[in-house]
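Quick notes on the structure that follows.
Letters go in sequence order (proteins before strands), and every chain restarts at 1.
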Amino acid sequence: QVQLVQSGAEVKKPGASVRVSCKTSDYTFTSYSISWVRQAPGQGLEWMGWIHTYNGDTNYAQKLQGRVTMTTDTSTNTAYMELRSLMSDDTAIYYCARGGGLGGSFDSWGQGTLVTVSS
Amino acid sequence: EIVLTQSPGTLSLSPGERATLSCRASQSVSSTYLAWYQQKPGQAPRLLIYGASSRATGIPDRFSGSGSGTDFTLTITRLEPADFAVYYCQLYVNSPPTWTFGQGTKVEIK
């Protein structure tokens, strides 16, 4: 059964950085892309960016350009999302999701990682 | 940038009733890349429909999707208690790969 297991909750101060991991299992990691999606408290889903796990190509949402970096480690089948210069508006649950098949949809999701930005 | 607008914001229905959720795109899009998700409180979203009308694995047939161009619909026939949740539509656009979500429709118990 496909699994995406994310790292635990984080509390960060404004201006700091956070790195969230997404360890995958039970499928060929490089055959599917990974996207990151976040959800602020009580709000909807916001796509943050995408990484092609085979060649490392990325595309980030325009509003996060310059602050976000997505990477992968194919030796451990793990994806990472780093967000820098954190602001209170970055407080959200961050999800990784598997894509690349089924018309671009995300067919498996991580359990989510709560990132709280507070002074 | 294509914007997806979902309506209504909230749908108040009783178990056994039919739910009709709308997703409208700001310009014509390929139905191949239109998906629907269900999200329950405290849970990650779950893929329901891809390609506008194909059910994902394990999704019961009371869920159906339709539409083309700018107007897409998710229909839930005979609502069950487990179906009360928030539903999102999503669009994928290539070159470069970009995804957009609608703002969501909450289906609540009346």
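Pairs engaging residues 56-67 of chain A under the side chain to side chain donor-acceptor pair (under 3.5 Å) rule: E46(A)-K63(A), N55(A)-D57(A), N59(A)-T98(B), R67(A)-D90(A) [sequence neighbours left out].
Using a 4.5 Å cut-off between heavy atoms, Q39(B) contacts chain A through its side chain alone, with no backbone atom that close. Heavy atoms of Y95(A) lying under 4.5 Å from chain B belong exclusively to its side chain.
Residues L79(B) and R18(B) form no side-chain contact, since every pair of their non-hydrogen atoms from C-beta on lies 4.5 Å or further apart. Inter-residue side-chain proximity for T73(B) and T20(B) is flagged as met; some heavy-atom pair is nearer than 4.5 Å. Within the 4.5 Å cutoff, the side chain of Q90(B) has heavy atoms near those of the S105(A) side chain.
Annotation: R24(B), atom CZ; neighbour count of heavy atoms from other residues, nucleotides and ligands within 6.0 Å does not exceed 12. Within a 6.0 Å radius of CZ in F84(B), more than 12 heavy atoms belonging to other residues, nucleotides or ligands are found.
Ranking Y50(B), W99(B), Y92(B), Y37(B) against chain A, the residue ahead of the rest is W99(B), based on heavy-atom pairs under 4.5 Å. Counting heavy-atom pairs closer than 4.5 Å to chain A, the top-ranked of the candidates W36(B), Y33(B), Y88(B) is Y88(B). Between chain A and the residues P45(B), G104(B), A35(B), G42(B), the largest count of heavy-atom pairs under 4.5 Å involves P45(B).
Across all their heavy atoms, Q27(B) and T70(B) have their closest contact at C-CG2, 3.5 Å. The two residues F63(B) and Q38(B) come nearest to each other via the heavy atoms CZ-NE2, 4.1 Å.
Among the residues in residues 11-44 of chain A, those with a non-hydrogen atom closer than 4.5 angstrom to a non-hydrogen atom of chain B are S35(A), V37(A), Q39(A), Q43(A), G44(A).
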